[in-house]
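Being a predicted model, the structure only gives us computed values, none of them experimental. Protein chains get the first letters and strands the later ones, always in sequence-line order, with residue 1 at the start of each.
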Number of protein chains: 2
Amino acid sequence: MFDAMFKALSDPTRRKILRMLHKGDMTAGDIADRFSISKPSVSHHLNVLKQAGLVIDERKGQFIFYTLNTTVFQEVLTWFSEFVDRRKGDGHVPNR
Amino acid sequence: MFDAMFKALSDPTRRKILRMLHKGDMTAGDIADRFSISKPSVSHHLNVLKQAGLVIDERKGQFIFYTLNTTVFQEVLTWFSEFVDRRKGDGHVPNR
DNA sequence: TAGATATTTAGAAAAATATCTAAATACAAA
DNA sequence: TTTGTATTTAGATATTTTTCTAAATATCTA
């Protein structure tokens, strides 16, 4: 699962989408309109983010709304925390 | 710079290297010995990590030691923090 | 200096990824 | 049901990334 998350985060377009969703939920079309790449390409990126668990999609009539899945961000945050020196104990937590 | 960092973090071999270095500095050869891929491939990964600012290298005689650059981890941590709900009124309320 | 060890660089092949256009699916409105 | 809008799926191509072997560079030791 970490594999998919980091892979998803490696693309700048996808990180931009995440920052947009942080301001509020959006439809696939609204997201696509903010990029110069084609709608199918944006759809592909949205799917990668979805597979990685970083976003959730929900259809409402004609539209599909995308939402951030913040719980997963918490997990990545934890992954990174292990590397940062918090000057508490020896700060070392192994594996994963 | 974030671009290079996220790119570097997207590969599982490189993340494994980072976890190894977290336990202590290592030479390129010692790192390579722990993978089944060739030394030149590991050398390539080390270079990607170095370009991303995630590790620092220092030659000592015949050997080159690699070390984690924790300050950069702190920066990525900050990037992620923005997405995590810390329940401390930053004004942002998700839709629905 | 010659030989041994540590590591990287060069160049090529294979695999993965991003992107496109065209077509398909899902739903709404008339 | 027909038409229009929203979005995805399919299939192809171009680019990027990973990996390899062979060769080069740097340093140590005898």
Side-chain angles (χ1 to χ4, degrees), chain A residues 1-21 23-69 76, chain B residues 1-21 23-69 76 95-96:
Chain A
M1 189 196 197
F2 268 73
D3 249 55
M5 277 194 298
F6 279 108
K7 211 66 158 200
L9 289 164
S10 72
D11 183 89
T13 297
R14 291 195 287 264
R15 290 198 301 279
K16 198 170 169 190
I17 290 173
L18 293 174
R19 286 195 298 273
M20 285 168 47
L21 291 178
K23 302 210 184 97
D25 301 353
M26 292 176 76
T27 68
D30 284 344
I31 293 167
D33 288 345
R34 310 222 187 168
F35 291 94
S36 50
I37 59 179
S38 71
K39 274 179 209 293
S41 292
V42 172
S43 184
H44 158 72
H45 286 305
L46 286 169
N47 189 51
V48 172
L49 289 169
K50 186 174 144 189
Q51 295 307 311
L54 290 163
V55 304
I56 295 160
D57 65 341
E58 187 184 359
R59 178 178 281 276
K60 282 186 184 165
Q62 269 174 305
F63 303 90
I64 297 178
F65 282 81
Y66 280 86
T67 311
L68 271 195
N69 180 9
V76 193
Chain B
M1 190 197 197
F2 267 73
D3 249 54
M5 277 193 299
F6 279 107
K7 210 70 160 198
L9 289 164
S10 72
D11 184 90
T13 298
R14 291 194 288 263
R15 290 198 300 279
K16 199 169 168 191
I17 290 172
L18 292 174
R19 288 194 298 272
M20 285 167 49
L21 291 178
K23 302 208 184 104
D25 301 354
M26 293 176 76
T27 68
D30 285 344
I31 294 166
D33 287 347
R34 312 222 186 169
F35 292 94
S36 50
I37 59 179
S38 70
K39 276 180 207 295
S41 292
V42 173
S43 184
H44 157 74
H45 286 305
L46 287 169
N47 190 52
V48 171
L49 290 169
K50 187 174 143 189
Q51 295 307 313
L54 290 163
V55 304
I56 295 161
D57 65 341
E58 187 184 359
R59 179 179 281 275
K60 282 185 182 162
Q62 270 174 305
F63 304 91
I64 297 178
F65 282 82
Y66 281 86
T67 311
L68 272 195
N69 179 10
V76 194
N95 304 354
R96 283 179 10 91

Can you sort out the partners of [X] under side-chain contact (heavy atoms from CB on, under 4.5 Å), two or more places apart, ordered by chain and number?
X: A/Phe63; value: A/Thr27, A/Phe65
X: B/Asp57; value: B/Lys50, B/Ile64, B/Tyr66
X: B/Ser38; value: B/Pro40, B/Ser41

Which part of the nucleic acid, if any, lies within contact of [X], taking any heavy atom under 4.0 Å across all strands shown: a base, the sugar-phosphate backbone alone, or nothing?
X: A/Thr13; result: nothing
X: A/His45; result: sugar-phosphate
X: B/Asp11; result: sugar-phosphate
X: A/Tyr66; result: sugar-phosphate

Hey, are the side chains of [X] and [Y] touching, using non-hydrogen atoms and a 4.5 Å cut-off?
X: B/Thr13; Y: B/Val42; result: no
X: B/Ile17; Y: B/Leu49; result: yes
X: A/Met26; Y: A/Leu21; result: yes

**Report entry** Under 3.5 Å: donor-acceptor pair, side chain of B/Arg59, backbone of B/Gly61
**Finding:** yes

Distance-minimising heavy-atom pair for [X] and [Y]:
X: B/Ser10; Y: B/Arg14; answer: OG-NH2, 4.0 Å
X: B/Leu54; Y: B/Ala8; answer: CD1-CB, 3.8 Å
X: A/Asp33; Y: A/Lys39; answer: OD1-NZ, 3.3 Å

Requested in this report: Verify the neighbour count for atom CZ of B/Arg34: are there more than 12 heavy atoms of other residues, nucleotides or ligands below 6.0 Å?
Outcome: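 Check fails, neighbour count at 12 or below.
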
**Report entry** From C/dT21, C/dA10, C/dA16, nucleotide with atom closest to A/Lys7 side chain
**Finding:**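 It is C/dA16.
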
Write out a two-atom table: protein N or O, nucleotide N or O from nucleotides 26-28 of chain C, distance below 3.5 Å.
none

Query raised in the report: B/Ile31 CD1 to C/dT7 C1': how many Å, rounded?
Result: 11 Å

Query raised in the report: Quick one: stems for DNA chain D, with Watson-Crick or G-U pairs under 3.5 Å, at least three in a row?
Result: C:1-30 with D:1-30

Query - chain B contact limits on DNA chain D, taken 5' to 3' with a cut-off of 4.0 angstrom to heavy atoms - result: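 It runs D/dT17 to D/dC28.
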
Query raised in the report: Does A/Lys39 or B/Asp57 map to a spot on DNA chain C nearer the 5' end, using the closest nucleotide for each?
Result: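 Per heavy-atom nearest nucleotide, the more 5' residue is B/Asp57.
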
Query raised in the report: How do B/Ser41 and A/Asn47 order along DNA chain D: which one's closest nucleotide is nearer the 5' end?
Result: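 This one resolves to A/Asn47.
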
